[in-house]
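Residue numbers begin at 1 in each chain, while the letters A, B, ... track the order of the sequences.
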There are 2 protein chains.
Amino acid sequence: MTVTIYDVAREAKVSMATVSRVLNGNPNVKPETRKKVKDVIERLNYRPNAVARGLASKKTTTVGVIIPDISNLYYSALARGLDDIAEMYNYQTIITNTENDPEKERDSFLSLVSKQVDGVVFLGGALNEETLSDIKDSHVPVVICGTSEKDKNLPSVNIDYFEAIKEATTKFLDTGANRIAFLKASYSDQLENHIEEGIKSAYRDAGKSADDSLILTAGSDYQSGKDVFEEISTHKADVVITMSDETAIGVLHSAMDHDLGIPEDIQVLSCSNTRLVNMVRPPLSSIALPLYDIGAVGMRLLTKYMNEETVDEANVILPYKIEYRATTK
Amino acid sequence: MTVTIYDVAREAKVSMATVSRVLNGNPNVKPETRKKVKDVIERLNYRPNAVARGLASKKTTTVGVIIPDISNLYYSALARGLDDIAEMYNYQTIITNTENDPEKERDSFLSLVSKQVDGVVFLGGALNEETLSDIKDSHVPVVICGTSEKDKNLPSVNIDYFEAIKEATTKFLDTGANRIAFLKASYSDQLENHIEEGIKSAYRDAGKSADDSLILTAGSDYQSGKDVFEEISTHKADVVITMSDETAIGVLHSAMDHDLGIPEDIQVLSCSNTRLVNMVRPPLSSIALPLYDIGAVGMRLLTKYMNEETVDEANVILPYKIEYRATTK
DNA sequence: ATGAAAGCGCTAACAG
DNA sequence: CTGTTAGCGCTTTCAT
C-alpha cells in the first residue's frame, strides 16, 4: 500500500541502510549509487515515515510551541519569530493553544513530550507548580518567552519590564500626571509584580507614593477594557497602563464616550505594541516589545539546548522602546 | 532512563500486552489486574510514547491544521472552533503556518502526512495543483474551511459568498450607491470569483452594469488598505467591499483623513467580521461569517472521514448574516 | 483474562 | 562504500 524504505531498497537493488544514508545526506555513498536511489525515490514518490524515523532515531526535529491564546496578536507575533528561526534550523513547529487554562497548558506540555518533541517553548502563560515539575522530570529542553517564573530556573527571553515601566511612569509623573492606574491581567504574577515594582520605584524616586487602590484587574480583551472604565473613573486615574493593547483600546473608547479628552484628561499606555496600536484612532502609545525578536531569540536559544551547545546567558533580556503616540502627552 | 511499557509490565508482574490493554481501555482485563497496573503506572510516572504508539497502531490521534497566516484574526477564530471540536473527539491539533506561501503550504501538508496525522484541515489558502495532487495520493482525509477549490472534490465548509455579496450589493444599489469597488486579496481565485459574480448579478438585476475597473487588488493588512485608497478615490467609488477587516479599516482611516464622511461619502463593508469590527470607530459593517462554526463544523466533518462514517453532504454551506454597523448607510 | 511473538518503518552500530 | 542486524516502544493477532 504505502511505499516504504524497503521498497525503495529493493527497486534500487541496494540495502535499506544505503537508502537511509542517502535520505539523511550521509556522505558515505558513492555518487552513482546515490543517484540511483534518488531516482527510485522519485519514481515511487517515496516519503519517509517521520514516526518510524522518530522512534528509531529518538529525534523528531520538531519543537512544540505552547500558546495561551492563539487569537491574541501578541502571541501570534511572537510565534512568527519562532517559526522563522525554527525553519532556519530545520525544525518544524507544532503549535498548541491553551486558552489561558493552566490545566490545558500542562496537558499540552505532556502531550508534546509524549510525542517526543525535541524541545518546547512556552509563550507567555503562567506555568504552575505541576507544569514546572513536569518540565523538570521530562528532560526536554524548554525556553519561555515573554514571561518568566520566579526561580529563573528555566531559560527565558524578556525585556526589562521593571525598567520600562519605571521609565514610563517617571515621564508621566514629570509631566504632571499623578494618579497612574495599572490594569493587571493575571498573565504571570512574576511579570506583573515587576511592573508594580517599577511603578512604585518611579513614585519613590519622585518623592511621592503610589496609591495601591490604582492597581486594578481586567481581562485582556477589548470588552474588559470598556468594562473596567467605570472603576478607573471612580478612582480618578489620569493615566492608565494596561498589559494588552485590546484592553487599552477598550479603555480609550470608553473614555472618549464619556467625553474625556485624550490625552489631556486621561492618558493610555499599553505594554504590547501589537499591530493594533496603529489601527486605532488615536494611535495607541505603547511600550514596544520586540515581539518578533523575542520569539526568534527564544528559538535560537532552544536550538542551542537541543544541540547541547553551551549557552552563556540563559535569561536573555532584550531592549525595549517606548513609543509615545497620540494617547499620551 | 525513560520508563517504558516493559518496565511497567515487569513491575506489575504482567505482560506488556496487558499493560497495553489497560492503557487503551480494553475491557478484557480483570479489575484487580487493571488496578495493579494503574498503580504501577502512577508510581513510575509512566507516559506512553506517542511515537511508538503511532508506529504500531498506524494512528496518531492527531490532526494537522494548515493556516495561511496565524496572526490574522480571521484564521485564529476558525482555529478555535476547530480546536474545541478536536478536543471533544480526543484529537490533538498541530497547527502550521504557511505565511500565505503556496510552496510552504504544500511543504506543510507533506510534512504533516509524513508525521502520519489522521487528517488535515486547510483554513483559507489557495491550494495549488501540486498540493491538490499530493492530497489525492496521500489518502489522508482533508477538509477545507473558509475557501474552496474549483472542482469541489474536497470536502469543505463555507458560506454562500455569492448570495451574501449579492444581497449586500443590492442593498447598496437600492440606497443610491452606484460605484461599488471590490478589493480582491488573492485569497482564493475561486472564492473571489464568486464574489465578483455576486456583485455583477446584483447590478444586472437592478438593470445596471458593473464597472470592471472597480475590481481592485489589495493586500489583507491595514497598510494595504491605506495604500489602495488613492486608487479607490481615482475611481470615485462610493462603496468599498474588502475581504479582510484590516484592509477595510485602512480604507476607512484614509477616507477619514481625506475628510470624507462615513458613511455619507463612502461606505465600507468587509467580508470577515473578526473581533476587529467592534474595536474601531466607527464600527465596521461586515458580512458576518460564523467563523467559530465554520471551524467546528469542519472538524466534525473531518472526524467523520477519519472514522469512515458516511457523510451525506461533503460541501457544507453555513448561514451568514450581514451586520450593518456605522460604515454603511 | 492473559501472554508470546511478530511486526510497524526506520536508524545505527558493526562488519566487511 | 555497502550490507546485516538489532533494536526504538508500542499494538495486535493468535494461542491458551
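Taking atom OH of B:Tyr6 as the reference point, atom C1' of D:dC10 lies 14 Å away to the nearest angstrom. Rounded to a whole Å, the NZ atom of A:Lys36 is 14 Å from the P atom of D:dC1. The separation between B:Met16 atom CE and C:dA6 atom C1' is 11 Å, rounded to whole Å. Atom CG in A:Leu55 sits about 17 Å away from atom P in C:dG7, given to the nearest Å. To the nearest angstrom, P of C:dA12 lies 12 Å from CG of A:Leu23. When the P atom of D:dT16 is taken as reference, atom CG of B:Asn28 falls 18 Å away, rounded to whole Å. Here the P atom of nucleotide C:dT2 and the NZ atom of B:Lys13 are 15 Å apart, to the nearest Å. Regarding B:Gln116, its CD atom lies at a distance of 21 Å from the P atom of D:dC8, rounded to whole Å.
Within 4.0 Å of B:Asn49, counting heavy atoms only, lie sugar-phosphate atoms of the nucleic acid but no base atom. The residue B:Ser20 sits close to a base: some heavy atom pair falls under 4.0 Å. Using a 4.0 Å heavy-atom distance criterion, A:Val51 is classed as making no nucleic acid contact.
Between the side chain of B:Arg47 and the base of D:dG9 there is no donor-acceptor pair of N/O atoms closer than 3.5 Å.
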For A:Lys35 and A:Asp39, run salt bridge (Lys or Arg N to Asp or Glu O under 4.0 Å): C-alpha distance rounded to whole Å, both residues' side-chain angles, the deciding distance at 0.1 Å, then the answer. CA-CA 6 Å; A:Lys35 171 148 184 15; A:Asp39 286 349; 2.8 Å; yes
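The side chain of A:Asn24 lies closest to C:dT11, out of C:dG9, C:dG7, C:dT11. For B:Lys58, the listed nucleotide lying nearest its side chain is C:dG9; candidates were C:dG9, C:dA4, C:dT2. Distances were taken from every side-chain heavy atom of A:Lys30 (C-beta onward) to each of C:dG3, D:dT2, C:dA1; the shortest belongs to D:dT2.
Nucleotides of DNA chain C nearest to A:Arg21 and A:Pro48 differ in position, and the one nearer the 5' end is that of A:Pro48. With the nearest nucleotide of DNA chain C identified for both B:Val14 and B:Ser57, B:Val14 has the one nearer the 5' end.
Within a 6.0 Å sphere centred on CD of A:Glu42, other residues, nucleotides and ligands contribute 12 heavy atoms or fewer.
In this model, the phosphate group of D:dG9 is not approached by any side-chain N or O of B:Arg53 to a distance below 4.0 Å at OP1 or OP2. Residue B:Thr18 places at least one side-chain N or O under 4.0 Å from the OP1 or OP2 atom of C:dG3. Look at A:Ser15 and you'll find a side-chain N or O under 4.0 angstrom from OP1 or OP2 of D:dG3. Between B:Thr33 and the phosphate of C:dT2, there is a side-chain N or O to OP1/OP2 separation shorter than 4.0 Å.
Contact check on B:Asp134 versus B:Arg106 returns a salt bridge, with a Lys/Arg side-chain nitrogen under 4.0 Å from an Asp/Glu carboxylate oxygen.
In this structure, the side chain of B:Asp7 engages the main chain of B:Thr4 through a donor-acceptor pair within 3.5 Å.
One distance of note links CG of B:Asn100 with CG of B:Asp69; it measures 5.5 Å at 0.5 Å rounding.
Pairing each heavy atom of B:Tyr305 with each of B:Val143, the nearest pair is CD1-CG2, 4.4 Å.
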